[in-house]
> 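My questions all concern the structure below.
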Amino acid sequence: MYQTIGMEMPNDFLVIAMPGYDGGAYYKIARNIPKIFNPTAWSSLREHETSPYNYQRILLPFLGYIFAVGQKGHIAASMILVNFMAIVLTFVIMQFESKRPSENIYSLALCLSPAATIAMHFVLAEPLSLLLTTFVLLRWEKWKTLDTIDSIALSLLVLSREINIVFVCFLAAYMIGTRRSKEVAMLIMPYLVFMTWHLIIYSIFGTIPFLMSTAAHALPGKAIIEIVLAVKDYNSHTLSSIVLFLGFVVPGWIWTAQKVYKTRGTSLLPIGAFTFLSLMLIMPPLMWGSITSIGRIITPVYPLTIIAYRQEDSRLTRILAMCCGCIGVGALLGLSLIHHPYI
């Protein structure tokens, strides 16, 4: 299977002869997009080695297939193009809403965040997630409401990564808490899209992969504290997680906590950033084992935190944002020194 796929790849593209990173799974899903929409072909998907877990992130494979116009030999390059465009568009919309030159740092920080740089290196699903989350948050920051455009964006968002249904749940809780019934109604469609897609996954594979995602948790802080205290020996992977923890999670958590206290939990961005930074703390040791996992798994944390920083735009928030971008660049440089598992 792997050798066959490799022979159909464009020149200068490589696939290793063993199960690779998630990007490899997305590539194989993209090649089978027509079968997903043909129930008579579902039996062949069950025989395919790609895990149902990866089908939760269907948006990147689907767009990769569409941009390649269904040509399998172009899908790999198309997926890279989709991710590149997502990062560029994220930067553009951040810049479009910037009011002062000092705010440029936040656009760069978001587009160079660990989720962005790691995903670009491995061809993963996070750039689309970052783009759609940023789009919705910037519109909220400007209009303080959700409309049909936001509902459509959120519906696409839940197809980009399963963590984003948690983001939609957070929005629903916030809107209910602030008595915004219109906005709650705008969140119905993303829920229906998410449920419908997972029903399709269940119909094909007879399993609910989202349950695997919800099972990934541990006591708050336990995993990273054990890493920091070197319960197991340090290595380049655990050190990268420590850098993310001390350079982004801890200062971000402290800053957002005091903002939530000052605003009494009424401001969406700080309370959202605090919530998702806290979610990072309950991730299990497997996720905290390397920045390549923990640096991208809670994707909404980056737009929430960076845009919250930009909302205040002080010397401190610019430094905090710069730290996030530097960690992302550092992760990319580190990854460039090792063998690429997908392309």
Side-chain angles (χ1 to χ4, degrees), residues 16 18-26 57 83 87 90 105-106 108-127 129-130 161 163 213 216-256 273 276-306 309 319-343:
I16 61 173
M18 62 180 288
Y21 220 68
D22 289 346
Y26 303 150
R57 304 157 188 180
N83 274 353
I87 295 297
T90 300
I105 189 66
Y106 304 105
L108 287 171
L110 183 54
C111 294
L112 294 175
S113 64
T117 56
I118 293 167
M120 286 300 296
H121 183 79
F122 288 120
V123 193
L124 304 178
E126 284 72 28
S129 183
L130 291 172
R161 243 186 157 279
I163 182 63
S213 303
H217 60 268
L219 291 175
K222 180 178 183 293
I224 184 58
I225 289 173
E226 288 182 351
I227 291 173
V228 171
L229 297 178
V231 173
K232 297 181 180 180
D233 292 340
Y234 292 131
N235 56 51
S236 59
H237 300 290
T238 56
L239 287 174
S240 68
S241 292
I242 292 172
V243 170
L244 180 69
F245 176 66
L246 297 179
F248 174 70
V249 178
V250 170
W253 194 87
I254 294 172
W255 185 87
T256 55
F276 282 86
L277 285 164
S278 299
L279 280 178
M280 293 181 76
L281 295 177
I282 68 169
M283 289 295 103
L286 177 64
M287 296 302 173
W288 274 105
S290 173
I291 195 173
T292 55
S293 293
I294 192 61
R296 62 187 182 86
I297 188 170
I298 310 295
T299 320
V301 74
Y302 295 105
L304 283 163
T305 305
I306 297 300
Y309 287 161
I319 291 173
L320 292 175
M322 194 181 306
C323 286
C324 177
C326 288
I327 293 170
V329 171
L332 182 60
L333 292 175
L335 288 170
S336 68
L337 300 176
I338 64 174
H339 175 71
H340 202 305
Y342 173 34
I343 58 173

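What you see is a predicted model, and the numbers here were worked out from it, not measured in a lab. Sequential numbering from 1 along the given sequence is applied to the chain's residues.
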> Can you find a pair of side-chain heavy atoms, one from Cys324 and one from Pro114, that are under 4.5 Å apart?
yes

> What are the two closest non-hydrogen atoms of Met283 and Ala223, and how far apart are they?
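Minimum heavy-atom separation between Met283 and Ala223: O-CB, 3.5 Å.
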
> Would you please test Val249 and Leu281 for side chain to side chain contact (heavy atoms under 4.5 Å, CB included) and show each step?
CA-CA 9 Å; Val249 178; Leu281 295 177; 4.0 Å; yes

> About how many Å separate CG of Leu279 and CD1 of Ile163, when rounded to the nearest 0.5 Å?
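Separation between the atoms: 6.0 Å.
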
> Which value, rounded to the nearest 0.5 Å, describes the distance between Ile105 atom CD1 and Leu320 atom CG?
11.5 Å

> When rounded to the nearest 0.5 angstrom, what is the spacing between CG in Leu335 and CD1 in Ile118?
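One finds 6.0 Å between CG of Leu335 and CD1 of Ile118.
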
> Are the side chain of Thr299 and the backbone of Glu126 linked by a donor-acceptor contact shorter than 3.5 Å?
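No, because the side chain of Thr299 does not come within donor-acceptor range (under 3.5 Å) of the backbone of Glu126.
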
> Which pairs count as salt bridge (Lys or Arg N to Asp or Glu O under 4.0 Å) when at least one residue sits in residues 242-253, sequence neighbours excluded?
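Output for this query is empty, none listed.
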
> Looking only at heavy atoms, what is the nearest atom pair of Leu244 and Gly295, with distance?
CD2-CA, 3.7 Å

> Once rounded to the nearest 0.5 Å, what's the spacing between atom CG of Leu246 and atom SG of Cys323?
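Leu246 atom CG to Cys323 atom SG measures 11.0 Å (nearest 0.5 Å).
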
> Please find the pair of heavy atoms, one from Pro284 and one from Ala218, that lie closest to each other, and give the distance.
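Scanning both residues, the minimum pair turns out to be CA-CB, 3.9 Å.
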
> Residues two or more places apart in sequence or in another chain: which of them pass side-chain contact (heavy atoms from CB on, under 4.5 Å) with Ala321?
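Here the qualifying residues are Tyr106, Ala109, Ile306, Tyr309.
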
> For residues 281-294, which residue pairs pass the salt bridge (Lys or Arg N to Asp or Glu O under 4.0 Å) check, not counting sequence neighbours?
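For residues 281-294, and leaving out neighbouring residues, there are no salt bridge (Lys or Arg N to Asp or Glu O under 4.0 Å) pairs at all.
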
> Which heavy atom of Val301 sits nearest to which heavy atom of Ala273, and what is that distance?
CG2-O, 4.3 Å

> Would you call Arg161-Asp22 a salt bridge at under 4.0 Å N-O?
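No salt bridge links Arg161 with Asp22.
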
> Any chance you could measure Leu277, atom CG, to Ile298, atom CD1, to the nearest 0.5 Å?
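CD1 of Ile298 is found 10.0 Å from CG of Leu277.
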
> Treating Thr117 as the side-chain partner and Gly328 as the backbone partner, does any N or O pair qualify as donor plus acceptor under 3.5 Å?
yes

> Can you pull the side chain to side chain donor-acceptor pair (under 3.5 Å) pairs that have at least one residue in residues 245-254, sequence neighbours excluded?
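Listed by first then second residue: Trp253-Ser278.
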
> Please name the pair of heavy atoms, one in Ala116 and one in Leu110, separated by the smallest distance, quoted to 0.1 Å.
CB-O, 4.0 Å

> Between Leu130 and Ser113, does the side chain to side chain contact (heavy atoms under 4.5 Å, CB included) criterion hold? Intermediate values first, please.
CA-CA 10 Å; Leu130 291 172; Ser113 64; 4.2 Å; yes

> Enumerate the residue pairs fulfilling salt bridge (Lys or Arg N to Asp or Glu O under 4.0 Å) with a member in residues 218-230, sequence neighbours excluded, ordered by first and then second residue.
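Non-adjacent pairs meeting salt bridge (Lys or Arg N to Asp or Glu O under 4.0 Å): Lys222-Glu226.
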
> Output the distance between atom CD1 (Ile294) and atom CE (Met280), rounded to the nearest 0.5 Å.
4.5 Å

> Return yes if some donor-acceptor pair links the side-chain N/O of Thr238 with the main-chain N/O of Tyr234 below 3.5 Å, else return no.
no

> Considering non-hydrogen atoms only, spot the tightest contact between Thr292 and Arg296 and give its length.
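Where Thr292 meets Arg296 most closely, the heavy atoms are O-NE, 2.6 Å.
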
> Using ring pair (Phe, Tyr, Trp, His ring centres under 6.0 Å) as the criterion, list what pairs up with Phe276, not counting sequence neighbours.
none

